[in-house]
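Heads up: the structure comes next, in structure tokens.
Note that these values count all heavy atoms, side chains included, but never hydrogens, waters or copies made by symmetry. What you see is a predicted model, and the numbers here were worked out from it, not measured in a lab.
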Amino acid sequence: MSLSPKDLVDEAITRGKAKANYSLLTIAVLGTMAGIFIGLAGVAMIRTMGSMPKEWGTLVNLLGAVVFPFGLICLLLVGGELVTGNMMAVSMALYAKEITLKQWVRNMFFVTVFNLVGALAVAVFFGYFSNTLQGDFVGRTIAVAQGRVADGPLQAFLSGIACNILVCTGVYMNMASRDFIGKIFGTWLPVAGFVIAGYQHVVANMFLVAAGVLAGGLTIGQFIENMVFVWTGNLVGGGVILAGMYFLAFKVGMKQNTEGLESTKTSSIIVEEK
């Protein structure tokens, strides 16, 4: 069983409204946990890729892409507030006028902050101090992080757009499914796609680039610049393109069609009465 595309828009609006009304404590806990799950997925991805021979080429990226989606799957199934997913759901609630712009800004700001807290905690404690990403994995950690900041501002922005179209599609498909297995596969496929393509996800980068800084391969300035352009691109991809297009199609377009049909029926009744 799954929701139809039209019903899915209503579900996203309902969830977005609920998210916008969460208390700061709830946002802090769930936002931090989302950052932790994404960070741990990043650790697993680096460890997987780091142990693979260079001769395997793109197969190494494919294996990393197979592993990484478990972070998003975990937070969606057990609870977590991820800013990139909220860019879609909370924006839909804003378009539907179920929340105010102030509520939208509050949610985006605090979820981003606590995602950063969770991701940085993993980078510092479970990546660096635990030695999980030290030794033989330092080279891979730096290589992955440098790959994140290699793009210029425009490229990072565009990559962020494409990434969050896929990530929000995964979140959207998770909402659509009513069974456990369906939610897992609905989330896994689009997220694996963005990893294979090398697109940029702001929360994943919070961990990956920070891990690169701790490993001595990047600077804090590179970290900040990457956050700004990738976050903005993710917002356009999830909040403007995916959320905006489906809202236009199913809430604006279908409403106009319904009003047109009602107007036609009313005119027919008037004509028949005459």
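Of the candidates Val228, Val230, Leu235, Val230 is the only one forming a side chain to side chain contact (heavy atoms under 4.5 Å, CB included) with Val202.
Linking ILVMFWY side-chain heavy atoms closer than 4.5 Å, directly or via other members, places Val124 and Ile142 in two distinct hydrophobic clusters. Hydrophobic clustering (ILVMFWY, side-chain heavy atoms < 4.5 Å, transitive): Val122 and Phe137 are in distinct clusters. Using a 4.5 Å cut-off between side-chain heavy atoms of Ile, Leu, Val, Met, Phe, Trp and Tyr, with links allowed through other members, Phe37 and Val117 fall into the same hydrophobic cluster. When hydrophobic clusters are built by joining Ile, Leu, Val, Met, Phe, Trp and Tyr residues whose side-chain heavy atoms come closer than 4.5 Å, directly or via intermediates, Leu242 is not grouped with Met173. Residues Phe157 and Val240 share a single hydrophobic cluster, defined by chaining ILVMFWY side chains whose heavy atoms lie under 4.5 Å apart.
Using a 4.5 Å cut-off on side-chain heavy atoms (C-beta onward), Val90 and Met108 make contact. With a 4.5 Å cut-off on side-chain heavy atoms, Phe207 and Ile46 count as touching. At least one side-chain heavy atom of Ile38 sits under 4.5 Å from a side-chain heavy atom of Leu75. The side-chain heavy atoms of Tyr199 and Val167, taken from C-beta on, include no pair separated by under 4.5 Å.
Under the 3.5 Å distance criterion, the side-chain polar atoms of Gln103 are matched with a main-chain donor or acceptor of Thr100. Side chain of Asp151 to backbone of Ala156: no donor-acceptor contact under 3.5 angstrom is found. Side-chain atoms of Trp231 never come within 3.5 Å of backbone atoms of Gly160 as a donor-acceptor pair (strictly under, hydrogens ignored). For Asn115 (side chain) and Val203 (main-chain N/O), no donor-acceptor pair under 3.5 Å exists by modelled atom type. Listed for the Asn131 side chain is no donor-acceptor partner under 3.5 Å among the backbone atoms of Gln134.
Here CZ of Phe229 is found 13.5 Å from CG of Asn234. Values are rounded to the nearest 0.5 Å. The CG atom of Leu120 lies 8.5 Å from the CG atom of Leu214; values are rounded to the nearest 0.5 Å. In this structure, the separation between CG on Leu189 and CD1 on Ile184 is 11.5 Å, given to the nearest 0.5 Å. Separation of atoms CH2 (Trp188) and CZ (Phe70) is listed at 14.5 Å; rounding is to 0.5 Å. Atom CG of residue Asn86 and atom OH of residue Tyr22 lie 8.5 Å apart, to the nearest 0.5 angstrom. Taking CD1 of Ile161 as the start and CG of Leu166 as the end, the distance is 12.5 Å to the nearest 0.5 Å.
Closest approach of Cys168 and Gly85 over heavy atoms only: SG-CA, 4.3 Å. When all heavy atoms of Ala93 and Gly16 are compared, the pair lying nearest together is CB-C, 3.7 Å. Taking both residues in full, the closest heavy atoms of Arg148 and Gly198 are given as NH2-O, 3.1 Å, listed atom of the first, atom of the second, then distance. Taking both residues in full, the closest heavy atoms of Leu133 and Ala211 are given as CD1-CB, 4.3 Å, listed atom of the first, atom of the second, then distance. Summarising the geometry of Ala20 relative to Ile99, their closest heavy-atom pair is CB-CG2, 3.7 Å, with the distance given to 0.1 Å. When every heavy atom of Ser91 is checked against every heavy atom of Ala243, the shortest pair comes out as CB-CB, 4.4 Å.
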Output, in order, the C-alpha distance, side-chain angles, deciding distance and verdict of side-chain contact (heavy atoms from CB on, under 4.5 Å) for Phe250 and Leu8. CA-CA 10 Å; Phe250 293 110; Leu8 192 50; over 6 Å; no

In sequence, state the C-alpha distance, the side-chain angles, and the governing distance for Val111 and Leu82, and then conclude on side-chain contact (heavy atoms from CB on, under 4.5 Å). CA-CA 7 Å; Val111 174; Leu82 190 68; 5.8 Å; no

Taking it one step at a time, do His201 and Leu208 satisfy side-chain contact (heavy atoms from CB on, under 4.5 Å)? CA-CA 10 Å; His201 184 268; Leu208 295 171; over 6 Å; no

Could you walk me through whether Phe223 and Val149 satisfy the side-chain contact (heavy atoms from CB on, under 4.5 Å) test, starting with their C-alpha distance in whole Å, then the side-chain angles of each, then the deciding distance to 0.1 Å, before giving a yes or no? CA-CA 8 Å; Phe223 176 86; Val149 302; over 6 Å; no

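In terms of the side chain to side chain donor-acceptor pair (under 3.5 Å) criterion, residue partners of Glu11 (sequence neighbours excluded) are, by chain and number, Arg15. Residues meeting the side-chain contact (heavy atoms from CB on, under 4.5 Å) test with Thr187, sequence neighbours left out: Leu72, Ile73, Leu76, Asn174, Val191. Partners of Ala12 under the side-chain contact (heavy atoms from CB on, under 4.5 Å) rule, at least two apart in sequence or in another chain, are Met88, Met92, Tyr172, Met175. For Met49, the side-chain contact (heavy atoms from CB on, under 4.5 Å) partners two or more places apart in sequence, or in a different chain, are Met45, Val60, Asn61, Arg140. Not a single side chain to side chain donor-acceptor pair (under 3.5 Å) links Lys183 to another residue, sequence neighbours left out. Every residue meeting the side chain to side chain donor-acceptor pair (under 3.5 Å) condition with Asn205, not counting sequence neighbours, appears here in chain and number order: Gln200, Asn226. Under the salt bridge (Lys or Arg N to Asp or Glu O under 4.0 Å) criterion, Asp10 pairs with Lys251, not counting sequence neighbours. Residues passing the side chain to side chain donor-acceptor pair (under 3.5 Å) test with Thr219 are Gln222, sequence neighbours excluded.
Sorted by first and then second residue, the pairs that involve residues 93-128 and meet ring pair (Phe, Tyr, Trp, His ring centres under 6.0 Å), not counting sequence neighbours, are Tyr95-Phe247. Pairs passing the salt bridge (Lys or Arg N to Asp or Glu O under 4.0 Å) check and including a residue from residues 17-42, sequence neighbours excluded, read Lys17-Glu98, Lys19-Glu81. For residues 99-121, there are no salt bridge (Lys or Arg N to Asp or Glu O under 4.0 Å) pairs, not counting sequence neighbours. For residues 25-50, the side chain to side chain donor-acceptor pair (under 3.5 Å) pairs, not counting sequence neighbours, are Ser23-Thr26.
When the shell of 6.0 Å around CD1 of Ile220 is examined, it contains 12 or fewer heavy atoms from other residues, nucleotides or ligands. Annotation: Tyr246, atom OH; neighbour count of heavy atoms from other residues, nucleotides and ligands within 6.0 Å does not exceed 12.
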